[in-house]
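Fair warning: this is a prediction, and the values are worked out from it, not measured in the lab. Reckoned from all heavy atoms, side chains included, excluding hydrogens, waters and symmetry mates. Counting begins at 1 with the first residue of the sequence. Start at 1 and go down the list; that is how both ligands and their atoms are numbered.
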Amino acid sequence: MKTPKLMIAGPVGISDEVREALAGPLVAHYGPEWVAIHQETVELLQQVFQTQNDLHLLVGSGSAGVDAALGSLLSAGEKILVAINGFFGQRMATIARAYGLDVVPVASPSDQPIDPDAVRACLAADGDIQLVGIVHHETSTGVLNPLQEIANVAREFGLPILVDAIASMGGISVPVDGWGLDVVVAVGNKCLGAPPGLALISVSPRAWGMMESRPNRGHGWFFNLETWREYAELWAGWHPFPTTMPTPNILALRTALKDILKHGLESHYQRHVRAAARVRDGLIGLGFELYLKLAYACPLITAVKARPEFTVSELHQFLLDEHNIMIAGGIAELRGKIFRVGHMGLATSDEYVEALLAGVRDFLGRRGF
Ligand SMILES: *Cc1c(COP(=O)(O)O)cnc(C)c1O
């Protein structure tokens, strides 16, 4: 099997240290020794989330976390505002509809951020809305939405906010308590440099209150956040979660978190900023045009417009075959129109960045440009 350098929007390449933590002997997920490791991992995550809120590790992908949050917070028939400016905003709306929620979309074009004034106007016009849902970094384009402003708008209306921070947490600052973010979903396998398989969710006291006031939501057991809280309390000393946990995955996440916090969050954020700047300058120098205005672009992904001289898939395949580098294409409507380079995990290293630029230069040279 090929093991290309991953320069996509997750999963990301992991360090040797994280890989070793993943590959150790298998340990059981209960008993005092494991509980201490689990607790330490939760506390390290709270530092990254900048929160004192409860934080749970659910088994599943990022979407499982968004699914658990939506199903736990609201009952079928209730209204949610979902901000949509790309594939993952659409995904949040799809999950909400799957729970029978009434989705009120506030949309922006895919190359622009959500407008806080549009959110305010929508909330002012519809007093039945119970929750605001938004993707922080819309990975399908790289747009960074103005989360703090939108959280402030939600607060003006006394509403809680659910944030898909799957592709931003750990890569840029997401001050959960500072910005008053009620439920925040992240994963290990994007900006935290850990393997896939865990959804990380912080829950504010107000969000727990919402769940308590809706006792008959009827959204099952495993993906009900209240189940996770119940076991965290009831079985605190020996098994603070309801089910078997992927212990290798948690050990790897803990190692990745310790490494990030050892160097400091600010220094971890700067790695992404530097990698994004170098890739952007390099690609512009090679004649490419970025999909976004720089002011809208998150430093964790760079979306680049396709060129008329060749297709995105030709470039993608060449980099894979000749340079062992994997980049991402466009999703849905943007398929074939853009390609995306991730600046997460090992993709922030000079080695990956220079290899990518050398690979693209080689492609253009062989095509005679
Ligand atoms: C990757 C991603 C997801 C989906 O995560 P899965 O782990 O594939 O379920 C959701 N939202 C955003 C913003 C993402 O980048």
Just heavy atoms, cut-off under 4.0 Å: does Glu138 contact ligand 1 by side chain, backbone, both, or neither?
neither

Cut-off 3.5 Å, side chains only: do Ser173 and Gln50 have a donor facing an acceptor?
yes

May I ask you to check whether Asp362 and His323 show a side-chain donor-acceptor distance below 3.5 Å?
yes

What atoms of ligand 1 come closer than 4.0 angstrom to any heavy atom of [X]?
| X | value |
| --- | --- |
| His137 | 13 (C) |
| Val135 | 13 (C) |
| Ser61 | 6 (P), 7 (O), 9 (O) |
| Thr139 | 12 (C), 13 (C), 14 (C), 15 (O) |
| Ala167 | 15 (O) |

Quick one: does Lys190 get within less than 4.0 Å of ligand 1, heavy atoms only?
yes

How close do Ile331 and Phe87 get, counting heavy atoms only, and between which atoms?
CG2-CD1, 3.7 Å

Any N/O of Arg91 closer than 3.5 Å to an N/O of ligand 1?
no

Shortest protein heavy-atom distance from [atom], along with the residue and atom involved:
| atom | result |
| --- | --- |
| atom 11 (N) of ligand 1 | Asp164 OD2, 2.6 Å |
| atom 3 (C) of ligand 1 | Phe88 CE2, 3.3 Å |
| atom 7 (O) of ligand 1 | Gly62 N, 2.8 Å |

Answer yes when Arg367 and Glu309 have at least one side-chain N-carboxylate O distance shorter than 4.0 Å, and no when they do not.
no

Salt-bridge contact Asp54-Arg229 (side-chain N to carboxylate O under 4.0 Å):
no

Measure up the His239 and Trp235 rings against each other and bin them: parallel (under 30°), tilted (30 to 60°), perpendicular (over 60°).
perpendicular

Give the C-alpha distance, both sets of side-chain angles, the deciding distance and a yes or no for side chain to side chain donor-acceptor pair (under 3.5 Å) between Ser15 and Glu17.
CA-CA 5 Å; Ser15 69; Glu17 243 189 321; 4.7 Å; no

If you count heavy atoms of other groups shown closer than 6.0 angstrom to CG of Asp350, is the number above 12?
no

